[in-house]
Amino acid sequence: MTDRPAAAKSHQPDPHVRRILERAELEGVELVRFLYADHGGVIRGKAASRSRLAERLTTGIGHTVAMMAMNMLDQLQEVEHMGPVGEVRIVPDPATYVPLPHAPGAAAMLSDLRRLDGSPWDACPRTFLKDAVAELATEGYTLVAAFEPEFTLGRRLPDPAGGPDRLVPIDDSLCYAGTGFDTAHDYTIKLVRALETQGLRVEHYHPELGPGQQELSVRHAAALRAADNHVLYRETVRGVAMRMAMWATLAPKPLAGQAGNGAHLHLSLWDDTHNVFADGGEVLECFIGGLLAHLPALTALTCGSVNSFRRLSPRAWSSAYAVHGPDNREAAVRICSPLGETGEPNLELKPSDSSANPYLSLGAVIHAGLDGIRRKLDPGESVDVDPDTRPGRYQRLPASLDEALDALEADEMLMEALGPLRRTAYLAVKRSEAVAFSGMDPSYELFHHMRVF
Ligand code: GLU
Ligand code: MG
């Protein structure tokens, strides 16, 4: 991806811009959505019409700074420098243009939030990830990642008792069951085609454990592309469902008492020549050490919503303890055995879901792993049993968003990495969500998470 604040000032016709304009015309695109993810984990944006596109690709679209102080209920929080005065620009990355198959006539571009002089704004989440990638490169490494998302497919129906709308799952098929493939078939085929058209390579699909629950994974990519992919994935899962008069949600725990929706994060670390996790030596150990040392704080970013913490319970295969183990699906960090001889060894971070801002989440994961490498942090014992069978022996993950935010505030390294403006706004937004849902009926929390994620 290129960093191109100076593009507006250049007199050279930018080849990326020319190519996008040609494509938009050829593909009948009328609106191009400039998308970003906010501190509430919500994907938002503004769209440029085709007639203004040439200009807007370089100038971006004007936006109020206040939107990064908005929580997932559209309640604006009081954050200094994020009030009614002040502007940023939503500036799209030219390498990310894709027409949206589920929204004919529209395309999307993943965007940075920039100051008026074109430099990155301190609260831009995509810049946070880019900076983390650059920091990792100073040690000679590149992170390759993939989100492995689950979601629930159903229909949105009014509550007969007058409460918030409910999600009625598409089926009650069993986990990996043949009938589940068929009930969701028309939807899944459309979804696969829509993702592939956008350049996301679909790996695997299966009907998951819970009612209407689906899992569809896409191929790994360099960190920034993986986060961009996850934004497109979330939009597509929901967009395809809407076009079919269905409702799909990636909310972490949309149905009380049923399986949660994770977005496990798969990670491998590369030097110039190879995947260093394949060596199984010190770098792998230390990277895990870093993840585990920062895990309570990390969950405030990787499991970003109030609803996230309903998912992280023991014996739900979502992980509830800060431990690691080979192919241990109850460990927060699972060391995955590679598929076949060409498969790549990778780590799977289980406390991760789709209510997180993927740029902040992945950026924070990089900082944690890097800290482990730099300080040679010990990952502790490798756990080859369900950690819940050894009461009191292992550290539990935070039980609520507030607990995770307390850990984040106490984590000097992550607070420093986030920087003053971003951390102040993130904490204000997330603390406000914890307050907004506390004491409310669970159906209120479930509805609002399904509405957004
Ligand atoms: N649904 C589980 C979760 O919430 C994951 C199940 C699995 O794929 O192992 O993370
Ligand atoms: Mg699964």
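All values below were derived from every heavy atom in this structure, side-chain atoms included, with hydrogens, water molecules and symmetry-related copies excluded. Ligands are counted one by one from 1 in listed order, and the atoms in each one are counted from 1 as well.
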Checklist entry - Around ligand 1, what residues show up once you keep those with a heavy atom under 4.0 Å from it? => result Glu150, Glu208, Glu215, Gly260, Gly262, His264, Arg311, Ala316, Trp317, Ser318, Lys350

Checklist entry - Under a 4.0 Å N-O cut-off, is there an ion pair linking Glu433 with Lys430? => result yes

Checklist entry - If you measure from the Lys or Arg side-chain nitrogens to the Asp or Glu carboxylate oxygens, is any gap between Asp165 and Arg451 under 4.0 Å? => result no

Item to check | Evaluation steps, side chain to side chain donor-acceptor pair (under 3.5 Å), between Ser305 and Ser308 | outcome: CA-CA 5 Å; Ser305 67; Ser308 294; 3.0 Å; yes

Checklist entry - Within the side chain of Asn357, is there an N or O that forms a donor-acceptor pair under 3.5 Å with the backbone of Asp38? => result yes

Checklist entry - Quick one: side-chain contact (heavy atoms from CB on, under 4.5 Å) partners of Arg431, sequence neighbours excluded? => result Asp402, Leu405, Asp406, Glu409

Checklist entry - Atom NE2 in His294, atom CG in Leu377: separation rounded to 0.5 Å? => result 6.5 Å

Next on the checklist: Tell me every residue that passes ring pair (Phe, Tyr, Trp, His ring centres under 6.0 Å) with His324, counting only those two or more places apart in sequence or in another chain.
Outcome noted: none

Item to check | Qualifying residue for side-chain hydrogen bond (donor to acceptor under 3.5 Å, both in side chains) with Asp371, from Arg375, His367, Arg374 | outcome: Arg375

Checklist entry - Under 2.8 Å from the Mg ion (ligand 2), how many protein N/O/S atoms can be counted? => result 3

Checklist entry - Any chance the side chains of His274 and Asp279 put a donor and an acceptor closer than 3.5 Å? => result yes

